[in-house]
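Here the structure comes first, spelled out in C-alpha cells, and everything after it is commentary.
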Amino acid sequence: MNVLSKLSDSVYLSELNIAGTHDSATAYVQMENSARCQDKTIAEQLKMGVRFLDIRLGKKDDEFYLVHSLADCYSDKEKKHRMTFGEVLESCKDFLKDNPKETIILSIKQDRGIINRWFFPPFYDKYIRGN
C-alpha cells in the first residue's frame, strides 16, 4: 500500500499523522501473553501502511537484537532465530526498493539492561557510518 507517495512534495512530515506501531517487532516474541504487541511482521506492517516503527534493541557481543524488555523477538514462528536489527533494516530497504517514493521513520532505542552511553557508538559504527 502506497501511503506517503500520494502526497505533494510540499507537505512536511511534521504536518502528518503517521501510522505506526508500538514494539513493532513482537510478532514472534517470548512470553507472548504479556509481551506481544503486534501480530504482523515488519514487512507485513509496511505493506499495510505502517510508516513509523518502534524498534527496541538489546546488544550481545557485536550484535543488536530486537527485544521487548526482558522478552526476545524472533524472525520465525518456531522462535529458533533471534531477530537482528540487520533483518529489520533489510525489510525496510526491500520495501523502499519496491516503493521508492515512500518514507519509513524508525524510532530506535536500547531496551534491555542498564541504559548506557556505550550502546550507541557501536550501533552507529555498524549501521549508520558509511551509509
Side-chain angles (χ1 to χ4, degrees):
M1 170 186 283
N2 291 331
V3 178
L4 299 177
S5 63
K6 303 213 182 293
L7 297 173
S8 165
D9 288 342
S10 65
V11 176
Y12 294 99
L13 283 175
S14 62
E15 298 176 309
L16 303 174
N17 288 320
I18 305 290
T21 53
H22 170 75
D23 275 304
S24 302
T26 57
Y28 309 123
V29 66
Q30 288 176 320
M31 302 181 284
E32 290 178 359
N33 293 336
S34 61
R36 178 184 276 160
C37 299
Q38 307 305 323
D39 65 355
K40 304 284 187 253
T41 66
I42 299 288
E44 290 169 333
Q45 291 175 53
L46 292 171
K47 286 180 187 173
M48 291 171 44
V50 169
R51 295 297 179 268
F52 176 91
L53 300 174
D54 175 18
I55 303 300
R56 315 275 179 115
L57 299 174
K59 183 177 182 301
K60 184 175 180 183
D61 300 323
D62 291 332
E63 193 57 77
F64 293 87
Y65 294 99
L66 278 287
V67 298
H68 180 198
S69 188
L70 298 176
D72 294 330
C73 299
Y74 292 85
S75 301
D76 58 313
K77 289 179 185 180
E78 296 77 27
K79 299 177 187 162
K80 293 182 179 180
H81 177 75
R82 286 182 65 192
M83 185 183 296
T84 66
F85 180 73
E87 292 173 86
V88 172
L89 197 56
E90 284 305 310
S91 291
C92 293
K93 285 179 180 180
D94 290 345
F95 177 80
L96 292 172
K97 183 176 152 194
D98 293 340
N99 302 279
K101 292 187 176 186
E102 286 295 321
T103 298
I104 301 170
I105 301 167
L106 299 178
S107 170
I108 300 169
K109 72 177 216 171
Q110 181 183 359
D111 193 37
R112 177 161 301 162
I114 298 169
I115 306 299
N116 65 55
R117 62 187 172 153
W118 303 113
F119 182 86
F120 185 72
F123 180 85
Y124 180 86
D125 287 342
K126 186 168 185 171
Y127 293 108
I128 298 174
R129 185 184 310 269
N131 288 311

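Only this structure's heavy atoms are used, side chains among them; waters, hydrogens and symmetry mates stay out.
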- Item | CD1-CZ distance between I104 and F52, expressed to the nearest 0.5 angstrom | 12.5 Å
- Task: Side-chain contact test, heavy atoms from C-beta onward, threshold under 4.5 Å: evaluate it for Y74 versus M83 and give yes or no.
- Result: no
- Under 3.5 Å donor-acceptor, Q30 side chain and D72 backbone: yes
- Message: Any non-hydrogen side-chain atom of L46 less than 4.5 Å from a side-chain atom of N99?
- Response: no
- Item | Closest approach of S69 to D111 (non-hydrogen atoms, all atoms of both residues) | N-OD2, 2.8 Å
- Considering residues at least two apart in sequence or located in another chain, which fulfil the side chain to side chain donor-acceptor pair (under 3.5 Å) criterion with S75? E87
- Query: Taking all non-hydrogen atoms of both residues, which atom of R82 and which atom of V67 are closest, and how far apart?
  - Reply: NH2-CG1, 4.3 Å
- Query: Going by heavy atoms in the side chains, are H68 and R36 under 4.5 Å from each other?
  - Reply: no
- Query: What's the verdict on side-chain contact (heavy atoms from CB on, under 4.5 Å) for M31 and L70, showing C-alpha distance, side-chain angles and the deciding distance?
  - Reply: CA-CA 9 Å; M31 302 181 284; L70 298 176; 4.2 Å; yes
- Item | Any donor-acceptor pair under 3.5 Å from Q38 side chain to H22 backbone | yes
- For K40, enumerate each residue passing the side chain to side chain donor-acceptor pair (under 3.5 Å) test, keeping only those at least two apart in sequence or located in another chain. none
- E102 side chain near L96 side chain, heavy-atom distance below 4.5 Å: yes
- Query: Any side-chain heavy atom of L66 sitting closer than 4.5 Å to one from L57?
  - Reply: yes
- Just wondering, do I42 and S24 contact through their side chains at under 4.5 Å, heavy atoms? yes
- Message: Restricting to non-hydrogen atoms, name the atom on T26 and the atom on V29 that form the minimum distance, rounded to 0.1 Å.
- Response: O-CG1, 3.4 Å
- Message: What's the separation between atom SG in C73 and atom CG in D23, rounded to the nearest 0.5 Å?
- Response: 7.0 Å
- Query: Is it true that Y124 and L106 fall in one hydrophobic cluster, defined by side-chain heavy atoms closer than 4.5 Å?
  - Reply: yes
- Pairwise distance CD(E15) to CG(L7) - rounded to 0.5 angstrom: 10.0 Å
- To the nearest 0.5 Å, how far apart are CD1 in I108 and OH in Y127? 10.0 Å
- Ignoring hydrogens and angles, tell me if any N or O in the side chain of S107 forms a donor-acceptor pair with the backbone of D54 under 3.5 Å. no
- Option among F85, F120, F119 that satisfies the ring-ring contact (aromatic ring centres under 6.0 Å, His included) test with F64: F119
- Message: Ignoring hydrogens, what is the shortest heavy-atom contact between A19 and G49? Give both atom names and the distance.
- Response: CB-O, 3.8 Å
- Message: Is the shortest side-chain heavy-atom distance between K59 and Q110 below 4.5 Å?
- Response: no
- Would you please say whether a donor-acceptor pair under 3.5 Å links the side chains of T21 and Q45? yes
- Qualifying residues under side-chain contact (heavy atoms from CB on, under 4.5 Å), relative to T41, sequence neighbours excluded: Y28, A43, E44
